[in-house]
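To start, the structure itself, in structure tokens.
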2 protein chains.
Amino acid sequence: MHLSHPALRQPVTAADRVLQEIQRAIVEGDIAAGSKISEPELARRFDLSRAPLREALARLERCHLIERIPNAGARVVKLSTTGLLALYQLRENLEGLACKLAAEHMTDAEITEVRQLLDQHLASQRVREGESYYQEAGDLDFHYRVILGSKNSYLINILCDELYYLVRMYRVQLGMNGPRVSRAFDEHKAIINAIANRDGELADLLMRRHIAASRRNIELQLEQTGT
Amino acid sequence: MHLSHPALRQPVTAADRVLQEIQRAIVEGDIAAGSKISEPELARRFDLSRAPLREALARLERCHLIERIPNAGARVVKLSTTGLLALYQLRENLEGLACKLAAEHMTDAEITEVRQLLDQHLASQRVREGESYYQEAGDLDFHYRVILGSKNSYLINILCDELYYLVRMYRVQLGMNGPRVSRAFDEHKAIINAIANRDGELADLLMRRHIAASRRNIELQLEQTGT
DNA sequence: CACGCTAAAATTGTCGACAATATACGCCTA
DNA sequence: TAGGCGTATATTGTCGACAATTTTAGCGTG
């Protein structure tokens, strides 16, 4: 049971590289949601054989970005309100647990690092008010740290490797530039404070609320865009 | 988002078949925990080429039965106390959530089915008192039903496809024939009652306790066997 | 014109061989 | 004899081609 997970590992094999490229393409909508995946086409596009490509597809299925049917091929996942709800329902619970465990297992040094990270975000955010991309990356970065702080490898694997690409996909393809930017920082602060105080129960609660608020925000976006 | 998951699907491809065979072999200790996986050897043993075998290995990694290192090969996972703890920590939370959602989403018909299932277990268990295998299968069956009842595809996928083979592996390789057999039935009854009453909060609590008790039981087994 | 059947095309699944990388062995040196 | 280096071996990663299956297109029939 090792704690550093593959997502942070830089690609060493051709399958790793093409995985990252396709992941990015799907998350950012470069390959349209719901569209069919053609192995021969992708193989040509990325200039490699089908063997490493299929390896990559297997991992894409693992993080729920594509759905495969035997002998019939793969499709990029479709975004839906029910899917979003199910995903965030899970996140609320899992990241709440992660917070509780982080309050038990994070070292003081790690907590200090996260606080420095938040200070950085605050500074850079004041400068480029409203640029959602940095906010988003920063938010994910914060969540990553806390999740890793749980020191539970299964939990880390599920959240960082299997669910987060899909979370990003929903965020990116739904815009995510609302007025929530500034409030999120305060919520992050409160969470890391609870963790620093070793108050797992509170950290759990605050994280659940934080994610619930984030979910409502995206749902609003969804309604406005018109499903 | 479809609710019936691959685990219940019968194998259609060669990779599917060999996956199931290797899964069983690892879970039951036929392939020793911690041992190295040799692709050429397994390919000969199951009489197929390395392509479908590697597909199977990718899925074995997904359900945490093996660990792969690029260019260096795969090893069967090692069982450990910390691993068991991390796994059950997650199960407590996730299956608790599953219960809460099941209380909201299960149909009356589905609840009736689960109750019939429990009656069957009780009858057959009275007959073959103490035979742990059936008990284990029955227990897992109950948990499966509840999890499916949550109607959350991500939750179902994580519990049934990714974590449960490992749970079974711990159970099988640690014996699991303790005196807990009879108490589990009562706990199952209480859980389905809570779900039937649409009391999600109570169902959540009871399931967490049920799994915590199960964990303590296995930990005891571990200590006795001598890690 | 719609429907079902048949045949052709395309796609996925599997195979055996080659290339790149890691492991194991033997040798040399201190 | 212990330790490090270089080669030999074995294993994993990748490739191109073939087999099996599905999808598509065309045809005939009701």
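We name chains A, B, ... by the order of the sequence lines, and we start the count at 1 in each one. Values below: all heavy atoms of this structure, side chains included; hydrogens, waters and symmetry mates excluded.
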(request) Please find out if less than 6.0 Å separates the ring center of A:Tyr170 from that of A:Tyr88. (result) no
(request) Figure out the CD/C1' separation between B:Glu61 and D:dT12, and round it to whole Å. (result) 14 Å
(request) Determine, for A:Glu113 against A:Arg145, whether the closest basic-nitrogen to carboxylate-oxygen distance falls under 4.0 angstrom. (result) yes
(message) Just the rounded figure in Å: distance from P of C:dA10 to CZ of A:Arg44.
(response) 11 Å
(request) Name the closest nucleotide to the B:Lys36 side chain, picking from D:dT11, C:dT11, C:dT23. (result) D:dT11
(request) Just call it for B:Ile37: base, sugar-phosphate, or nothing, with non-hydrogen atoms closer than 4.0 Å on any strand. (result) sugar-phosphate
(request) With DNA chain D as reference, determine whether B:Pro40 or A:Asn71 sits nearer its 5' end, using the nearest nucleotide of each. (result) B:Pro40
(request) Could you encode protein contacts along nucleotides 14-20 of chain C as a string, one character per nucleotide from 5' to 3', using B for base contact, S for sugar-phosphate-only contact and - for no contact, with a heavy-atom cut-off of under 4.0 Å? (result) BB-B---
(message) Do the side chains of A:Glu55 and B:Arg68 get close enough for a salt bridge, i.e. N-O under 4.0 angstrom?
(response) yes
(request) May I ask you to check whether B:His143 and B:His188 place their ring centres under 6.0 Å from each other? (result) yes
(message) Rounded to whole Å, how long is the line connecting atom CZ of B:Arg68 with atom P of C:dA22?
(response) 15 Å
(request) State, to 0.1 Å, how close B:Cys63 and B:Asp161 come at their nearest heavy-atom pair, and which atoms those are. (result) CB-O, 3.3 Å
(request) Would you please name every residue forming a side-chain contact (heavy atoms from CB on, under 4.5 Å) with B:Gln116, sequence neighbours left out? (result) B:Thr112
(message) I need the CZ-P distance between B:Arg75 and D:dT11, as an integer number of Å.
(response) 13 Å
(message) In whole Å, I'd like the distance from the CG atom of B:Leu53 to the C1' atom of D:dG13.
(response) 14 Å
(message) Whole angstroms only, please: what is the CG-C1' distance between A:Leu42 and C:dT11?
(response) 13 Å
